[in-house]
Amino acid sequence: MRIMIIGGGNVGYYLTKSLSAEKHHIMIVEEDRSRCEQVVSDLGSKRIEATCGDGTDLECLRKAGIFNTDVLVAVTGHDQDNLTACQLAKNYFGVKQTISRVKNPKNIRVFEKLGVDSVISSTERIAGIINQELDWTDVNKLLRDRSYNVRLREITVEQGSAFEHKCLKDLGLPKGLILIAVLREDQAIIPNGATCLKAGDMIVIWGDEADIASTFGQRVYS
């Protein structure tokens with residue numbers, strides 16, 4: 001299958017890596033030239049073509065090979081650009097299937113009404129996970145029933161905090177605190193010592209409630 005991906009940020013990069021490994025032919029479009037070159041350098045493959053340009057521009061889409069595209073996936077960080085790219089692909093070039101990422105869940109219905117075949121929102125997915133039968137409250141109730149002090153917490157890395165730009169191996173976490181996951185944009189990262197935190201990351205941590213409070217200075221769930 002020939003798949004065009006609009007946006008070469010983290011989402012587009014890892015999507016390209018995953019889909020090319022599945023033997024799909026990928027055409028990625030990214031405005032930032034250095035990022036475009038990095039994708040080719042890191043993922044260099046006969047199945048990956050990179051075009052530096054604007055995915056909402058007709059000529060750029062032609063140059064990137066839109067006429068030979070089976071599926072267009074728009075994953076830039078801008079909802080309007082993703083919608084425009086999908087509409088051009090379907091209505092102007094006749095691409096059969098379009099998939100779009102949205103950052104604002106309120107845009108999901110709008111995108112669907114305007115003809116985007118599949119709309120994906122990481123915010124809505126996370127909300128859905130929280131609302132599942134076994135949610136954070138249930139987990140912590142289960143822990144309280146068996147231990148007076150062990151809890152599961154979600155912490156947001158604030159801009160300018162002591163944890164921003166720090167790698168896990170440099171955090172000096174108290175013994176027994178376990179950082180289970182880092183939620184970043186559309187990614188759920190299973191961390192290791194080399195994982196560096198960024199402002200806006202949500203980290204899921206397990207351990208003694210007092211240690212969590214003294215280390216991070218905040219309590220998110222009771």
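Please read all numbers here as calculations on a predicted model, not as lab measurements.
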Evaluation steps, side chain to side chain contact (heavy atoms under 4.5 Å, CB included), between T16 and L43
CA-CA 8 Å; T16 298; L43 307 180; 3.9 Å; yes

SG-SG under 2.5 Å, C36 vs C52:
no

On a heavy-atom basis, which atom in A74 and which in A85 lie closest, and how many Å separate them?
CB-CB, 4.4 Å

Would you say S18's side chain and L15's backbone share a donor-acceptor pair under 3.5 angstrom?
no

Here the pair of heavy atoms bringing W206 nearest to I212 is C-CD1, 4.5 Å

What is the minimum heavy-atom distance between I28 and G12, and which atoms define it?
CD1-O, 4.1 Å

Heavy atoms only: give me the nearest D201-R184 pair and the separation to one decimal.
OD2-NH2, 2.7 Å

Would you mind reporting whether L197 and V182 have side-chain heavy atoms less than 4.5 Å apart?
yes

Carefully, step by step, assess V71 and M1 under the rule side chain to side chain contact (heavy atoms under 4.5 Å, CB included).
CA-CA 8 Å; V71 181; M1 184 178 293; 3.6 Å; yes

Taking atom CG of D208 and atom CD1 of I205, what is their separation to the nearest 0.5 Å?
11.0 Å

Strictly below 4.0 Å, N to O, side chains only: are K103 and D79 in salt-bridge contact?
no

Here the gap from Q87 atom CD to F111 atom CZ, rounded to the nearest 0.5 Å, amounts to 8.5 Å

For F163, the ring pair (Phe, Tyr, Trp, His ring centres under 6.0 Å) test, sequence neighbours excluded, returns F216

To the closest 0.5 Å, what do you measure between CD1 (I3) and NE2 (H24)?
4.5 Å

With rounding to the nearest 0.5 Å, note down the distance linking CG in L177 to OG in S214.
7.5 Å

Is there a donor-acceptor pair closer than 3.5 Å between any side-chain N or O of R2 and the backbone N or O of H25?
no

Rounding to 0.5 Å, atoms CD (E164) and NZ (K166) come to a distance of 11.0 Å

Side-chain touch T51/C60, heavy atoms, less than 4.5 angstrom:
yes

Would you say T215's side chain and D211's backbone share a donor-acceptor pair under 3.5 angstrom?
yes

Quiz: residues 112-120 side-chain donor-acceptor pairs under 3.5 angstrom, not counting sequence neighbours:
| unit_1 | atom_1 | unit_2 | atom_2 | d |
| --- | --- | --- | --- | --- |
| D117 | OD2 | K90 | NZ | 3.1 |
| D117 | OD2 | T98 | N | 2.8 |
| D117 | OD2 | T98 | OG1 | 3.3 |

Please write out which residues are connected to L58 in a hydrophobic cluster, directly or through intermediates, given that two of Ile, Leu, Val, Met, Phe, Trp, Tyr count as joined at side-chain heavy-atom separations below 4.5 angstrom.
M4, I6, M27, V29, L61, I66, F67, L72, L88, Y92, F93, V95

If you apply the rule side chain to side chain contact (heavy atoms under 4.5 Å, CB included), what do you find for V75 with I5, and how did you get there?
CA-CA 7 Å; V75 292; I5 296 175; 3.9 Å; yes

Heavy-atom closest contact (A199 atom, E158 atom, distance)
CB-C, 4.4 Å

Would you say T84 and Q80 are linked by a side-chain donor-acceptor pair, where the criterion is simply a distance under 3.5 Å?
yes

Surrounding CZ of R62 (heavy atoms of other residues, nucleotides or ligands, distance under 6.0 Å), is the total greater than 12?
yes

Could you tell me the separation between the CG atom of N107 and the CG atom of L83, rounded to the nearest 0.5 Å?
8.5 Å

So, T76 versus N82: side-chain donor-acceptor pair below 3.5 Å or not?
yes

Any chance you could lay out the side chain to side chain contact (heavy atoms under 4.5 Å, CB included) test for Q159 and K198, step after step, and finish with the verdict?
CA-CA 8 Å; Q159 188 169 14; K198 298 181 179 180; over 6 Å; no

